[in-house]
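The chains referred to below are lettered A, B, ... by the order of the sequence lines, with proteins before strands, and numbering in each begins at 1.
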4 protein chains.
Amino acid sequence: MAAQKPAHAPTPAPDRPHPDATRRSQRSRQAIYDAALALVAEVGYPKTTIEGIAARAGVGKQTIYRWWTAKADVLLEAFLDLGERAVQAAGEEAYAIPDTGDLAADLKVVLRATVDELRDPKFEAPYRALAAEGVVNEQLGREFVTRLLEPSLQLHADRLRAAQEAGHVRPDIDPRIGLELFVSPLAQRWLQHTGPISHAYTDTLVDYALHGLAPR
Amino acid sequence: MAAQKPAHAPTPAPDRPHPDATRRSQRSRQAIYDAALALVAEVGYPKTTIEGIAARAGVGKQTIYRWWTAKADVLLEAFLDLGERAVQAAGEEAYAIPDTGDLAADLKVVLRATVDELRDPKFEAPYRALAAEGVVNEQLGREFVTRLLEPSLQLHADRLRAAQEAGHVRPDIDPRIGLELFVSPLAQRWLQHTGPISHAYTDTLVDYALHGLAPR
Amino acid sequence: MAAQKPAHAPTPAPDRPHPDATRRSQRSRQAIYDAALALVAEVGYPKTTIEGIAARAGVGKQTIYRWWTAKADVLLEAFLDLGERAVQAAGEEAYAIPDTGDLAADLKVVLRATVDELRDPKFEAPYRALAAEGVVNEQLGREFVTRLLEPSLQLHADRLRAAQEAGHVRPDIDPRIGLELFVSPLAQRWLQHTGPISHAYTDTLVDYALHGLAPR
Amino acid sequence: MAAQKPAHAPTPAPDRPHPDATRRSQRSRQAIYDAALALVAEVGYPKTTIEGIAARAGVGKQTIYRWWTAKADVLLEAFLDLGERAVQAAGEEAYAIPDTGDLAADLKVVLRATVDELRDPKFEAPYRALAAEGVVNEQLGREFVTRLLEPSLQLHADRLRAAQEAGHVRPDIDPRIGLELFVSPLAQRWLQHTGPISHAYTDTLVDYALHGLAPR
DNA sequence: CGCTAAGCGAGACGGTACGTCCGGTCTTCCA
DNA sequence: TGGAAGACCGGACGTACCGTCTCGCTTAGCG
């Protein structure tokens, strides 16, 4: 795959050499993650300030500026860290897509779980904040996609490919596009408040996507 | 159904009665729209400030605060105004969805036009800015959807319903959900930079959505 | 001789045009003076910060930066204001130098008063701070001299000139230099802590200065 | 006379015992002196920072904090070191006051040399910086006087006492006060920018001081 | 036709947060 | 164990905007 150009830098890259990472205080790093997530949950992303994070974490502002370039950056890493800890707590396979042989059923199960997660208030605030920032800031957006969205999308693609091999999906379908038929509608409803999301809704999406809108 | 809570107001609605709108200066209003759109295009949404808009428009800050509650508000109206002027310039029917009897072809035409519009740099900056704000600010998000997205989505729904009556779409399909199969993937790719958008891509989306992923 | 270099400007004079002085808040100005003097007296000049002054005065920092360029500037004006109010309270002539015909006696009276003033803790802290700043910052130093020192020195020069006309001072003496014989020693002892200051000391100075060190 | 209070210490003397001075790096010490003097000359005292000195000297910050308590402290020692090296270079007696038998002439020679030194830009910046700090910080001020001013003043006092014995100065004159009549005016003009300093000026001072202002 | 009550340009104000700089302490690793 | 290096907490710096608040000045509409 061709090397992706690494997304423009808004500030012209002051060549700030990252300081010696081996001497970094893990204590401070964790405190900053915790503070950032707590503040976003409590007062919302726009009212979350670097100063506030530093104060809550009991950390000097410089310690934040030393390791991150922007508020969104901090939150992204904090959220990733949260995700990793959640994964470790839940067990790796909890996030895998089952393969019972019944594609529709398997997808419905996963999408229902996604709906539940999107509604979990613990995740909602930081997730929305990051998504919003990514809409406007392409650099962060790509990072968001690569590190948060992509792994999950890959699982869907894999499941579709398996179904293809089992003859349950047409061989000419590109799985990376196919999965968007049921994933993107849910994403848009949630992101842009274009409509309510529910288990019934995602079940419908899977049915529509698999069998098409046209009569057979 | 429980009464929908009407989207939280950040400031608890100080019941500030809009001042006498009949004496409003149209000259200032237009200057503010122009300044807002120009600034968003030039320096981006986050660096666009009320003060900057006021200065550029040659207007007192208070004149902005008198008529709008937030930066996003100004931009939303400015963008709507821009849209209206564009519609008037292009003729009403330019934005309608054709009905040649060939649903797939009609949808492809419209989606190709949408792709072109999304790529128009004149629209991109403010549109992204508003969408991003809407992700995080539910109140603005709903306004954004209602006033900008909904009219266009309605056209798609209407076209699907017509196709249903003509027997080209299964009768049990909910058009409001059906349209998401091809509209949402495009929206998500553009919004979240999850992938490139092109005419070929939207053509594929239409085919997948109409005929489904499963073999027939 | 060579042209005197006109007092260097530390920052290259950003041509910041003073804002509209007619709209200035006198309330804030006075509060800033009071806060500045109080803080210098309480915590000393180096620990007096612009931020602290603003907070104590209940004023935004910008209001200070709008009207003054530096901490020393604020204090200078505050001190001048204090002086003016003191003069008005004490009556104009309280600070004049008497002319009883007895030059030595008149000078001793005035120098004793100066000693008392230098020891007044209310004046000492800000006065020292300003003097110190003036030592290092020529621009402020000149302002300090012109607005605080000069008026008082002028009175001494006038008194010496009167004595000259009365034949009590040699006619070839330059009063502006002559006065330094008794004024500067006191100033240096106080400024640089080179020795104690007392009424006896200044009396001695006057005698030495009038009659010289050499035997007659 | 009451016991002199021993000059307040800003930090309450943490009894930090100076570390083992025998193992001290003379290399670092000298580098710090050089860096301090160079920085004060280049950017001025207020913009000279401990961090800057350390960086320029190629020294860790702790090495400075280990041996000195404050920026002024470093500079004072650096300046004293500079002075000692200058004395050794010029020969001891260069700074002595001559005794040709003509008091006025001898004093004029010495004061003219002082004027020249005060104008030497190499000395001016650090000297002013220290003097200014001493005005405000009594502890440093006394150290400044004792170690820098006093030795020179003592020479003047000695010369006056010799003149007294030779009958050229009245026997009731206190030499420590007498010398101030011509030394302090020069000091004040230089310190506070109250007037220009020149050879003619100091010559005049000597004449006035020796013969007094009053007619004989 | 003049009075009066808006809207308006301007911008000072009390604030909050920014991103930077430096003070002084502490820790690590080298000589 | 002194020193070079530099991360850390803290806190002030000077700037940029926020949203509110006066100021005079148009500019209607109404009396």
Discussion item. Under the rule for salt bridge (Lys or Arg N to Asp or Glu O under 4.0 Å), what residues qualify as partners of D73(D), not counting sequence neighbours?
Written reply: none

Item to complete: Without swapping roles, check the side chain of R128(B) against the backbone of V135(A) for a donor-acceptor pair under 3.5 Å.
Response: yes

Worksheet item: Of all residues at least two apart in sequence or in a different chain, which pass the side-chain hydrogen bond (donor to acceptor under 3.5 Å, both in side chains) check with T49(B)?
Response: none

Worksheet item: Distance from L130(C) atom CG to L80(C) atom CG, nearest 0.5 Å?
Response: 8.0 Å

Response to the item:
So the contacted stretch of DNA chain F, first to last nucleotide with an atom under 4.0 Å from a non-hydrogen atom of chain B, runs from dC17(F) to dT27(F)

Worksheet item: Got a second to check how far W67(D)'s CH2 is from S25(D)'s OG, nearest 0.5 Å?
Response: 9.5 Å

Worksheet item: Should T48(C) and L75(C) be marked as a side-chain contact (heavy atoms from CB on, under 4.5 Å) after you check the CA-CA gap, both sets of side-chain angles, and the distance that decides it?
Response: CA-CA 10 Å; T48(C) 297; L75(C) 193 57; over 6 Å; no

Worksheet item: So where does chain D start and stop touching DNA chain E, 5' to 3', when the test is distance under 4.0 Å to a non-hydrogen atom?
Response: dC22(E) to dC26(E)

Item to complete: Please name all residues satisfying side-chain hydrogen bond (donor to acceptor under 3.5 Å, both in side chains) with Q26(A), sequence neighbours left out, ordered by chain then number.
Response: R29(A)

Worksheet item: Excluding sequence neighbours, so at least two apart, what forms ring pair (Phe, Tyr, Trp, His ring centres under 6.0 Å) with F144(B)?
Response: Y127(B)

Item to complete: Could you list by number each residue of residues 44-52 of chain C showing a heavy-atom separation from DNA chain F of less than 4.0 Å, or answer none if no residue does?
Response: T49(C), I50(C), E51(C)

Worksheet, complete the sentence: 5'-most contact on DNA chain F (nearest-nucleotide basis), K61(D) vs A57(D), goes to A57(D)

Response to the item:
Ordered by number, residues from residues 21-33 of chain A within less than 4.0 Å of DNA chain F (heavy atoms) are R23(A), R24(A), S25(A), S28(A)

Discussion item. Restricting to side-chain hydrogen bond (donor to acceptor under 3.5 Å, both in side chains), what partner residues turn up for R85(C), sequence neighbours left out?
Written reply: D81(C)

Discussion item. Suppose we screen for salt bridge (Lys or Arg N to Asp or Glu O under 4.0 Å). Which residues come up paired with E143(A), at least two apart in sequence or across chains?
Written reply: R147(A)

Worksheet entry | Comparing K71(D) and Q62(D) on DNA chain E - which has the more 5′ nearest nucleotide | K71(D)

Discussion item. Applying ring pair (Phe, Tyr, Trp, His ring centres under 6.0 Å), can you list everything that pairs with Y45(C), at least two apart in sequence or on another chain?
Written reply: none

Pairs under 3.5 angstrom only: tabulate donor-acceptor contacts from the side chains of residues 54-63 of chain A to other protein residues two or more places apart or in another chain.
residue	atom	partner	partner atom	Å
R56(A)	NH1	E42(A)	OE1	3.1
R56(A)	NH2	E42(A)	OE2	2.9
K61(A)	NZ	E51(A)	OE2	2.8

Practice prompt. Take L76(D) and W68(D), measure what side-chain contact (heavy atoms from CB on, under 4.5 Å) needs, and give me the verdict at the end.
Written response: CA-CA 10 Å; L76(D) 176 59; W68(D) 293 278; over 6 Å; no

